[in-house]
**Q** 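Dropping the structure in here first, questions after.
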Number of protein chains: 2
Amino acid sequence: MDCAVIPLKRHKEYLLIQTVDFFYPMVNDPELLGRIALANVLSDVYAVGVTQFDTVEMIVSTSTSFSEKERDVVIGLVMKGFQNSLKANGYRNTPLIIRQLKINPWCIIGGIATSVCRSEEIILPSNAQPGDVLVLTKPLGGQMAMDAHLWQLNQTEKYKKLLSECSDDDIRKTFEIAVKSMTYLNKNAALLMHKYQAHCATDITGFGLLGHANNLVQFQKEKVLFQINKLPIIKNVLKFSTLVGQSTKFRSGRSVETSGGLLICLPADAADKFCRDFEEATNGEQKSFQIGHVTAANESDAVLCEDVEFIEVSL
Amino acid sequence: MDCAVIPLKRHKEYLLIQTVDFFYPMVNDPELLGRIALANVLSDVYAVGVTQFDTVEMIVSTSTSFSEKERDVVIGLVMKGFQNSLKANGYRNTPLIIRQLKINPWCIIGGIATSVCRSEEIILPSNAQPGDVLVLTKPLGGQMAMDAHLWQLNQTEKYKKLLSECSDDDIRKTFEIAVKSMTYLNKNAALLMHKYQAHCATDITGFGLLGHANNLVQFQKEKVLFQINKLPIIKNVLKFSTLVGQSTKFRSGRSVETSGGLLICLPADAADKFCRDFEEATNGEQKSFQIGHVTAANESDAVLCEDVEFIEVSL
């Protein structure tokens, strides 16, 4: 798992939870980039049900291609986005340390989140049960929505392909849905995991839904099969991906995601309530989706059902 | 300070100590690079007297210019050096997590070291007293010794300048001293800080001795002056720096260091014993140096004495 859960040998009642995450800019608005970076960094910790941090560090490097002024403005805005989002999400008193890496050819954004916890705060990623319902707390496709927006801004060949069936307004609206989703912290999802006694979870990023599901299934104590029968995708994204010839990854549940949702194994009788509660907690701004089931198996695996249903999500 | 010391709000008897460090390769032997990286990463934590780690993470990115085979061999050796040095230094049971960053134009090596401590394990960097002796636990010039060795390997113009007054053997021997010094962990120095009740310390890296001394002096509760009257430098390095026209930084105590020693404020009556003990603990393989004094002052500052003495160190 991306998140380290380390029992402290010298202080046996505590565990150290730590995650490190880095990526390169995927959007041209630096303040927005900072907010997405924060959501992405904290997400691994939320996946084990932990919602309190003892320290958050932001790591950022300027690019060798930036002028000094570009550096000051751009990196300043990235920091501001990261910092403001931390404060706005109930972490006003969490120590934030900002570290600037020496210069690098490419701009790097990342962070470290650390928490010292008691074991009852943690939901280990190993207790999926046959009968569980799989819930996903964000739609897929955020990364592709960002890409389409960049193609539009740069008037690329791919943008021209999109225009054959989509309008500029479609691209913009899709981008807006992605922004709302990718800047949203998985904190509420983690809090509700405790309320509804979730059995385990993982967060969805670079390996895509199926990749992370496969990873999670390998950590289970019981041999189980994750059967995924629905793929909620941000509105228009599946069409975009088809138009530019990149739909295979989406259709196979392997689209690369940044700051995706949590994939949670919930007791069957809790899934409906979780999803309702999640939507209410966000005043209808965010949705979660029941996307599959856990069954007993001889061999642990995560698969997409043949008749998988694609759901367009507008939020 | 580079090292974060964070009182845990939820578990008041503990503090979280965390350091993050990154750099680019400065030597062409990847296994050696891994060992230096470890010493460099842990050093910030040793500077506050902490010698036990709850987790160490190594972060490494391959370079876009590497072939797959180069990546596997080179990055594998960097990891091996880092890992072996950790084990060889008494951290066989410390959880080590290795994270590979997505590809980057330049190879990046770094790490994170984390420790959850009780306050008595920590020597805060704020209690220097007038009358203290300043002790430095490694000679300066490691980075320049590495540079000279690279110039030699690549037969550069600067190498030709060195040859006007130095032999190939001089460059090699200087390099060997630097290797021994830069791969050496500041762990013993940290342990002896407790034994001899050191008042504070910092580790010497990118800002040079005077830069870090200046930084440390700003953290002091009392207004004090750090007066540095000796600069121990690895044998030949001052000559090298003069031959290539880079001696100003050395003469002003501002040479860029990687994996340098600790600069420690010790009670005057403990400094001799500390230095003797340090040399004995390393079987004479490493030396520490009394390089100056702390006096009361109206304005906190760290300065080099006018008649500063340069000491050539062979180890």
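These values consider heavy atoms only, across backbone and side chains, with no hydrogens, waters or symmetry-generated copies. Below, chain A is the first sequence line, B the second, and so on; all start at residue 1.
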**Q** Going from OH on A:Y24 to CD1 on B:I103, what distance comes out if it is rounded to the nearest 0.5 angstrom?
**A** 8.0 Å
**Q** Counting only heavy atoms not in A:E70 (residues, nucleotides, ligands), do more than 12 fall under 6.0 Å from its CD?
**A** yes
**Q** Can you tell me how far apart OG1 (A:T64) and CH2 (B:W106) are? Round to the nearest 0.5 Å.
**A** 5.5 Å
**Q** Where does B:F23 contact chain A at under 4.5 Å (heavy atoms): side chain, backbone, both or neither?
**A** both
**Q** Quick check: closest heavy atoms across A:T114 and B:Q18, and the distance to 0.1 Å?
**A** OG1-OE1, 3.1 Å
**Q** So which residue, B:N93, B:I112, B:I108, B:I97, ends up with the most heavy-atom pairs under 4.5 Å with chain A?
**A** B:I112
**Q** Nearest 0.5 Å, what's the CG-CG distance between B:N104 and A:N104?
**A** 4.0 Å
**Q** Report which part of A:I6 has an atom under 4.5 Å of a heavy atom belonging to chain B: side chain, backbone, both, or neither.
**A** side chain
**Q** I'd like to know if the side chain of B:R99 reaches the main chain of A:D21, judged simply by a donor and an acceptor atom lying under 3.5 Å from each other, with no hydrogens or angles considered.
**A** no
**Q** What residues of residues 46-60 of chain A sit under 4.5 Å from chain B when you count only heavy atoms?
**A** A:Q52, A:D54, A:T55, A:E57, A:I59
**Q** Specify whether A:Y14 and B:Y14 have parallel, tilted or perpendicular ring planes, treating 30° as the upper limit for parallel and 60° as the lower limit for perpendicular.
**A** perpendicular
**Q** Does A:E120, at its CD atom, have more than 12 non-hydrogen atoms belonging to other residues, nucleotides or ligands within less than 6.0 Å?
**A** yes
**Q** I'd like to check the salt bridge (charged side-chain N to carboxylate O under 4.0 Å, His left out) partners of A:K195; sequence neighbours left out, ordered by chain and number.
**A** A:D277
**Q** Indicate the atoms forming the closest heavy-atom contact of B:P95 with A:K9, along with that distance.
**A** CD-NZ, 4.0 Å
**Q** Just so I understand: if I count every heavy-atom pair under 4.5 Å between each of A:E13, A:R118, A:R10 and chain B, which residue has the most?
**A** A:R10
**Q** Non-hydrogen atoms of chain A under 4.5 Å away: do they reach the side chain of B:S61, the backbone, both or neither?
**A** neither
